Protein chains: 2
Amino acid sequence: MDRFHLMSVYIAVAEERGFASAARRLGMSPPAVTRAIAALEQRLGVRLLNRTTRHVRTTEAGHRYLEDARRVLDEVDAVDQAVSGINAEPRGHLAITAPVMFGRMFVMPGIVEYLERYPATEISALLLDRDVNLLAEGIDVGVRIGELADSSMRALKVGSVRQVVCASPGYLRRHGKPERPRDLSAHTLINSSAVSDVPNWIFNTAQGMRNQRIQPRLVVTSNAAAVEAALADFGLTRLLSYQVAPQLADGKLQIVLEEFEPEPRPIHIVHREGRFASPTVRSFIDFIAARLRADSLLN
Amino acid sequence: MDRFHLMSVYIAVAEERGFASAARRLGMSPPAVTRAIAALEQRLGVRLLNRTTRHVRTTEAGHRYLEDARRVLDEVDAVDQAVSGINAEPRGHLAITAPVMFGRMFVMPGIVEYLERYPATEISALLLDRDVNLLAEGIDVGVRIGELADSSMRALKVGSVRQVVCASPGYLRRHGKPERPRDLSAHTLINSSAVSDVPNWIFNTAQGMRNQRIQPRLVVTSNAAAVEAALADFGLTRLLSYQVAPQLADGKLQIVLEEFEPEPRPIHIVHREGRFASPTVRSFIDFIAARLRADSLLN
DNA sequence: TATATTATTCCATTTATTGGAATAATTAAT
DNA sequence: ATTAATTATTCCAATAAATGGAATAATATA
C-alpha cells in the first residue's frame with residue numbers, strides 16, 4: 001500500500017471533487033481510486049471525504065489533510081530533485097542578501113568566485129542593513145549577523161563577530177587605557193552610527209550586562225570613517241572585529257576593555273528549507289559556508 | 001514501489017551501514033533491501049551508497065538524502081498523526097508566548113476559555129516583550145505584532161494594530177490640534193517607553209516615511225500611565241490602537257494626525273510547522289485565531 | 001418518471017513482490 | 001597462505017497484491 005501514491009490519489013479526488021474525474025486525471029480505473037481512498041481513510045482512522053454517489057466534499061479533517069498532503073508531496077519532489085541534481089553543474093539565478101559592509105568584505109568575493117567557477121549561474125546580491133523577509137522577497141540565501149529570531153529557516157552558523165572597543169597606541173599612550181567601562185566618560189569617543197544609533201555601548205560585567213551610556217565627541221555615519229579617526233589618534237571607537245581586523249593585526253589599533261566585551265554575535269547563513277532548496281541554492285550555500293568558516297577573521 | 005518505504009529502507013541502511021543489518025532491523029529479507037536501494041538509486045539517478053561486499057558508506061549525495069529523507073518521514077508521520085487526532089479531544093501541554101500588554105488583553109481571555117472548554121489541556125503562557133525563539137525555547141505558539149522577520153514558521157495574520165497619536169479633547173481645546181508632524185514640537189508630548197525607547201515618532205507623508213524627532217516632556221514606562229496622563233489633559237501621546245480603544249470609543253481621547261499615521265502593524269500567530277504541529281496545537285491555533293479575528297479592536 | 005452518471009463491490013486475471021538458494025566478493029581467523 | 005564467515009547481489013519459483021471489467025445501488029438532472 002503505497003502511502004505516497006495514496007496521497008496523490010487523495011489530492012486528485014479532493015481537487016476534482018469526484019472519484020471518476022480523479023480516475024480520469026490519474027489514468028487509473030474508478031475502482032482503484034475507491035480502494036485507495038478507502039485504504040487511506042482506514043490507515044488514518046478518519047473520514048476524509050463525505051461522498052454521496054453524486055457529490056464528493058472534503059470533511060474538516062480532509063481539508064486539513066489536503067493541505068498537508070500537498071506540502072509533503074511538494075517536499076518529496078523537491079528532495080528528489082535536489083539529490084538528483086547534486087552532481088549537475090549549478091545553473092540559474094540566485095538572490096542573496098547580506099549586511100552592507102560585511103557583504104562587501106566577505107560575501108562579494110565569494111560570490112565572484114562562485115560565478116567564475118559556475119558560468120551558468122547568475123546572482124542578485126542585495127546588500128542591505130535591514131533584515132528582509134526571504135520568503136516575501138523571493139530571496140534564496142541570507143547572511144545574518146546576530147541572534148536569529150524565530151526562524152525555522154535552515155540556519156548554519158559560519159562564524160561570529162566581536163564588538164571591540166579600540167584605539168591607536170598613540171592615543172592610549174597620551175590618554176591612558178580605560179580599565180572599566182565607566183572610565184569611558186573620561187575619554188574621547190567616536191561612535192559609528194552605521195553600527196548603532198543608540199548612544200549606549202554594551203558591556204559584560206560580573207553583575208551581568210551593563211548598558212554604558214556614552215557621550216561621543218564624534219559621530220560618523222560610516223565605519224571606515226571611524227577607523228580613520230581612531231588611526232589619527234583621535235579617540236576610542238567601538239566596531240565589529242572584522243572591520244578593524246587588518247589594523248589590529250599590524251598593531252595600528254589596540255583592543256581595550258576586552259574582558260568586558262559582550263558575547264560575540266553569531267554569523268548565520270539562512271535559507272528557505274526543503275521544497276525551496278534547489279540544487280543550485282544548496283551548492284551555493286555549501287560554497288559560501290565553507291569559505292566563511294575558513295576565514296580566520298570570523299572566528 | 002512505495003517511495004516512503006524506499007526512504008525508510010534507505011535510512012536504515014545508511015544508519016546501520018549495512019544491507020544485512022538493515023534487513024534484520026526492518027524485518028525484511030536481504031534481497032528486498034538490495035532491490036529497494038537499487039530502485040531508489042535508479043529513481044533518483046544518483047548513487048547513494050558506495051558499497052563493497054564488506055562495507056557500506058554514504059556518498060555525498062547519499063548524506064544529503066539521508067537528512068532529507070529523515071525530515072520527510074518525520075513530517076509524514078506528523079501529518080498522519082495530526083489528521084488522525086483531529087476529532088479527538090485536545091489534551092496535553094501547550095506553551096504560548098505573546099507581548100505583555102497585548103497578551104493580557106487579548107490572549108489570556110482566549111487561553112482561559114480554551115482551558116475551560118478542554119479540561120485535559122494545560123498551558124504555559126509566557127508574556128514577554130522580547131521575541132523568543134520558538135524552536136529553541138520549545139514554545140508551540142507565538143503571537144507577534146509587527147512585520148515578521150524571515151520566519152518560514154507558519155504564520156496566520158489575525159488582525160492589525162495602528163499606531164495612533166492622541167490626546168484628550170480638553171488638551172486639544174486648549175493647545176490646538178496639530179495638523180502636520182512638525183507641529184508636534186510646539187506640543188507637550190508623552191512618550192511611553194514600553195512602546196519604544198527611541199525619541200522618534202514615525203509618520204507617513206507624501207514624501208514617504210518621516211522620522212519625526214520628538215522631545216517628550218514626560219517619559220513613562222507603562223502604557224497605562226501614558227493613557228492616564230493623556231486623560232488628565234497633560235499632552236499628546238502615541239500608543240497602539242487597542243491600548244486606547246475604550247477611551248477612543250467613548251470620546252475621552254481623540255486621534256490626531258490620522259492622515260500621517262504609519263501603516264498598521266500586522267498581528268500574526270506563528271507556530272512551528274509540519275512535524276511539530278500536534279492536533280492539540282492545531283486546535284488551539286484555530287481557536288485563538290478565530291477569536292482574535294473576530295475582535296473588532298484588532299481590525 | 002426516465003436517463004445518465006456516480007461510487008462501490010465482486011471476482012477472475014494480471015502484475016508485482018517476496019524470500020530461499022546460489023554466487024561472487026571481501027574480510028577475519030587459523 | 002588458506003579457510004571460514006559474512007556480505008551484497010542475482011535468479012527463479014511461489015506468493016501476494018493490485019488491477020479493471022461487469023454488475024449494483026444510489027442520486028441528480030432532464
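Remember, it's a predicted structure, so these values are computed and weren't measured experimentally. Letters go in sequence order (proteins before strands), and every chain restarts at 1.
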[atom1]-[atom2] distance between [X] and [Y], expressed to the nearest 0.5 angstrom:
X	Y	atom1	atom2	result
Leu127(A)	Ile96(A)	CG	CD1	10.0 Å
Met7(A)	Asp80(B)	CE	CG	5.5 Å
Asp68(A)	Ile11(A)	CG	CD1	10.0 Å
Ile288(B)	Ile269(B)	CD1	CD1	6.5 Å
Leu49(B)	Phe19(B)	CG	CZ	5.5 Å

Query - All pairs passing side-chain hydrogen bond (donor to acceptor under 3.5 Å, both in side chains) where residues 84-96 of chain A contributes a residue, at least two apart - result: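 Every pair satisfying side-chain hydrogen bond (donor to acceptor under 3.5 Å, both in side chains) with a residue in residues 84-96 of chain A: His93(A)-Ser124(A).
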
Query raised in the report: Are Arg24(A) and Glu16(A) within salt-bridge range, i.e. N to O under 4.0 Å?
Result: no

**Report entry** Salt-bridge present (Glu67(A), Arg71(A); N to O < 4.0 Å)
**Finding:** no

Query raised in the report: What is the per-nucleotide protein-contact pattern of nucleotides 25-30 of chain D, from the 5' end, where B denotes a base atom under 4.0 Å from a protein heavy atom, S denotes such proximity for sugar-phosphate atoms only, and - denotes neither?
Result: -BBS--

Report task. For Asp2(B) and dT18(C), give me the distance from atom CG to atom P, rounded to whole Å. Result -> 10 Å

Query raised in the report: Per the end-axis method with five pairs at each terminus, what is the bend angle of the helix from dT1(C)-dA30(D) to dT30(C)-dA1(D), to 10°?
Result: 30°

Query - Side chain to side chain, Thr59(B) and Tyr65(B), heavy atoms closer than 4.5 Å - result: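 Sidechains of Tyr65(B) and Thr59(B): no contact.
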
Query raised in the report: Take atom CD in Glu263(B); do more than 12 heavy atoms of anything else shown fall under 6.0 Å from it?
Result: no

Query raised in the report: More than 12 heavy atoms of other residues, nucleotides or ligands under 6.0 Å from CZ of Arg47(B): is that the case?
Result: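 Buried by this count: over 12 neighbours within 6.0 Å.
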
**Report entry** Set of ring-ring contact (aromatic ring centres under 6.0 Å, His included) partners for Tyr114(B), sequence neighbours left out
**Finding:**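 Tyr114(B) satisfies ring-ring contact (aromatic ring centres under 6.0 Å, His included) with Tyr118(B), Phe284(B), Phe287(B) only.
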
Report summary line: Numerically ordered, the residues 4-20 of chain A set in heavy-atom contact under 4.0 Å with DNA chain C is Gly18(A), Phe19(A), Ala20(A)

**Report entry** Nucleic acid contacts of residues 29-40 of chain B, taken as heavy-atom distances under 4.0 Å to DNA chain C
**Finding:**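 Going residue by residue through residues 29-40 of chain B, the ones with a heavy atom under 4.0 Å of DNA chain C turn out to be Ser29(B), Pro31(B), Ala32(B), Arg35(B).
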
